[in-house]
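Have a look at the structure below, then the notes.
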Amino acid sequence: MKVGILGATGYAGQELVRLLHRHEEVKELYLGSSSVAGEDYETVYPHWLGQNIGILQDENIPDMDVLFCALPHGLTAERTSTFLARGIKVIDLGADFRLNSAEIYEEWYKIKHPASELLKDAVYGLPELYREKIQGQSLIANPGCYPTATLLALVPLLRKQLLQTGYLIIDAKSGVSGAGRGVSLGTHYGEVNENFKAYGVASHRHTPEIEQELSRAAGLPLTVNFTPHLVPMTRGMLVTIYAKVSEGVQEEDLRSCWLDQYKEEEFIHLLPPGTWPQTKFSSGSNHAFLQLTLDKRTGNVVIVATIDNLLKGAAGQAVQNMNLAMGWPEAQGLKATALWP
Ligand SMILES: NC(=O)C1=CN([C@@H]2O[C@H](COP(=O)(O)OP(=O)(O)OC[C@H]3O[C@@H](n4cnc5c(N)ncnc54)[C@H](OP(=O)(O)O)[C@@H]3O)[C@@H](O)[C@H]2O)C=CC1
Ligand SMILES: CC(=O)N[C@@H](CCC(=O)OP(=O)(O)O)C(=O)O
């Protein structure tokens, strides 16, 4: 099979290269670049020296089976219809096809949606929650990193009406690689080292994505308070969620709901009571870790979820989606566990 990556030089793109390089079904890898076509991949990322990864190509896309688009939002949607017309399956790691509504996209992303007519054809690619819809699909919207951790925790509980919908607080922390490889004032060393800050408060563009999927799970429109933070580490994401349980719901009900949803899942781990997720549990792997407790004093449930933003939050989940779309074993190429310590 021939597989390609647009944005192969970015952080999500280079994780795709790492995963696809060892994927048994991938025989040929096209590496697309808008800025450094013609350069050897090993020049851009010297840790690949001697591995013959290949030369970066310009964006005249050759025929292939699957194309991963790891580009800033807006750039994928404008070309997707031509890829689809050529029979190329598209997996977008960006945000262009995650929201069902072009109006909501335009409100939060501040650009006109370049291909709103395709939104109805896109599936939201969170395999543990929407597996059947992803199988065989041609246009897959890979979820955002914060939504992935949040939805894995909350969707099963909301589907079973175990939580109240009027009070959902999502307090999230991400490593700096979540912002990509490009240089920016807010993410350079002097701004993040030995520093810890909230950003996008009450305005982050993952808010409508989280609300869309939680509303779908609850069967009614709901809103959330979502606050992301930047922590001085390279990769990893930890999300703490506070919610009110529905009348009479006990901790055991919440745990058995998660167990019913995830007992067969290779990448989702429900930690034993008292063991709380740490970012290093998932660092470098496609695995997610969940824990909760019902605080009897307040009646609120406290949930903690961790993933690697670049793996389950981006490239790992994208490869999982490719496997589903192509009918291959879902964990193909994704077997590694975290690096510890
Ligand atoms: N980093 C993360 O943790 C996550 C990222 N994502 C999403 O994945 C996508 C890629 O993210 P990430 O890899 O972090 O980003 P990077 O900034 O690291 O990489 C993006 C790549 O896109 C290419 N590109 C093409 N056109 C442009 C342009 N006009 N401006 C900037 N870059 C351009 C560049 O490669 P070249 O110059 O070679 O063409 C660049 O390397 C984004 O949509 C992001 O939001 C999603 C979940 C998590
Ligand atoms: C730390 C950091 O900056 N993280 C990114 C989220 C990365 C991601 O999932 O972005 P997309 O939704 O654009 O794909 C951010 O807050 O914008």
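The model shown is predicted, which means the values in this text are computed figures rather than measured ones. Just follow the structure's listing: the first ligand is 1, and inside any ligand the first atom is 1.
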Examine the proximity of ligand 2 to [X] and report which part, side chain or backbone, both or neither, has a heavy atom under 4.0 Å away.
X: R98; result: side chain
X: C145; result: both
X: L93; result: backbone
X: R205; result: side chain

[X] ring center near [Y] ring center (under 6.0 Å):
X: H287; Y: F281; value: no
X: Y199; Y: H204; value: yes
X: H23; Y: W328; value: yes

With [atom] as the reference point, say which of [options] has the nearest heavy atom.
atom: atom 17 (O) of ligand 1; options: E15, R181, E39, H73; answer: R181
atom: atom 36 (P) of ligand 1; options: T9, L16, L31; answer: T9
atom: atom 30 (N) of ligand 1; options: G175, P72, P147; answer: P72

For ligand 1, is there an N or O atom under 3.5 Å from any N or O atom of [X]?
X: P143; value: no
X: G10; value: yes
X: Y11; value: yes
X: G7; value: no

Atoms in ligand 1 with a heavy atom of [X] nearer than 4.0 Å:
X: S35; result: 36 (P), 37 (O), 38 (O), 39 (O)
X: A314; result: 47 (C), 48 (C)
X: N309; result: 3 (O), 48 (C)

Just to confirm my output: which protein heavy-atom neighbour is closest to [atom], and how far is it?
atom: atom 3 (O) of ligand 2; result: A179 CB, 3.4 Å
atom: atom 4 (N) of ligand 2; result: G178 O, 3.2 Å
atom: atom 43 (O) of ligand 1; result: L71 O, 2.6 Å

Query raised in the report: Between A8 and ligand 1, which residue portion shows a heavy-atom distance shorter than 4.0 Å: side chain, backbone, both, or neither?
Result: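 Near ligand 1, A8 shows nothing, with every heavy atom at 4.0 Å or more.
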Query raised in the report: Under 4.0 Å from ligand 1, counting heavy atoms only, is it the side chain of L75, its backbone, both or neither?
Result: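 Within the 4.0 Å criterion, L75 contacts ligand 1 through side-chain atoms alone.
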Query raised in the report: Do any non-hydrogen protein atoms sit less than 4.0 Å from atom 5 (C) of ligand 1?
Result: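 No, no protein heavy atom sits under 4.0 Å from atom 5 (C) of ligand 1.
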Report task. Mark whether atom 45 (O) of ligand 1 lies under 4.0 angstrom from at least one protein heavy atom. Result ->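 No, there is none.
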**Report entry** side-chain hydrogen bond (donor to acceptor under 3.5 Å, both in side chains) between Y146 and E209, intermediate numbers included
**Finding:** CA-CA 10 Å; Y146 291 118; E209 183 182 336; over 6 Å; no
Report task. Could you say whether the N/O atoms of H204 and ligand 2 ever approach to under 3.5 Å? Result ->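 Yes, H204 has an N/O under 3.5 Å of an N/O on ligand 2.
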Report task. Decide whether an N or O pair under 3.5 Å exists between H206 and ligand 2. Result ->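 There is such a contact, yes.
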[X] near ligand 2, heavy-atom distance under 4.0 Å?
X: G180; result: no
X: S174; result: yes
X: N309; result: no

Query raised in the report: Does the cation-pi check pass for R216 over Y130, that is, NZ or CZ under 6.0 Å from the six-membered ring centre and within 45° of its axis?
Result: yes
Query raised in the report: Closer than 4.0 angstrom: is that true for some heavy atom of G144 and an atom of ligand 1?
Result: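 Per 4.0 Å heavy-atom rule, G144 does not contact ligand 1.
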**Report entry** Between T187 and S184, a side-chain donor and acceptor under 3.5 Å
**Finding:**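 Yes, because at least one side-chain N or O of T187 sits under 3.5 Å from a partner of the opposite role on S184.
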Query raised in the report: Side chains of N286 and Q317: do they bring a donor and an acceptor to under 3.5 Å?
Result: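 Judged by distance alone, the side chains do not pair up.
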Query raised in the report: Taking all atoms of both residues into account, what is the closest heavy-atom pair of R181 and T9, and its distance?
Result: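 Of all heavy-atom pairs spanning R181 and T9, the closest is CD-O, 3.9 Å.
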Report summary line: On a heavy-atom basis, the closest approach of N142 and A314 is ND2-O, 2.8 Å
Query raised in the report: Is it the case that one hydrophobic cluster holds both V245 and L162, taking links as side-chain heavy atoms less than 4.5 Å apart, direct or via other members?
Result: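 Looking at the clustering, L162 is in the same group as V245.
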Query - Those atoms of ligand 2 less than 4.0 Å from some heavy atom in Y199 - result: 1 (C), 2 (C), 3 (O), 4 (N), 15 (C), 16 (O)
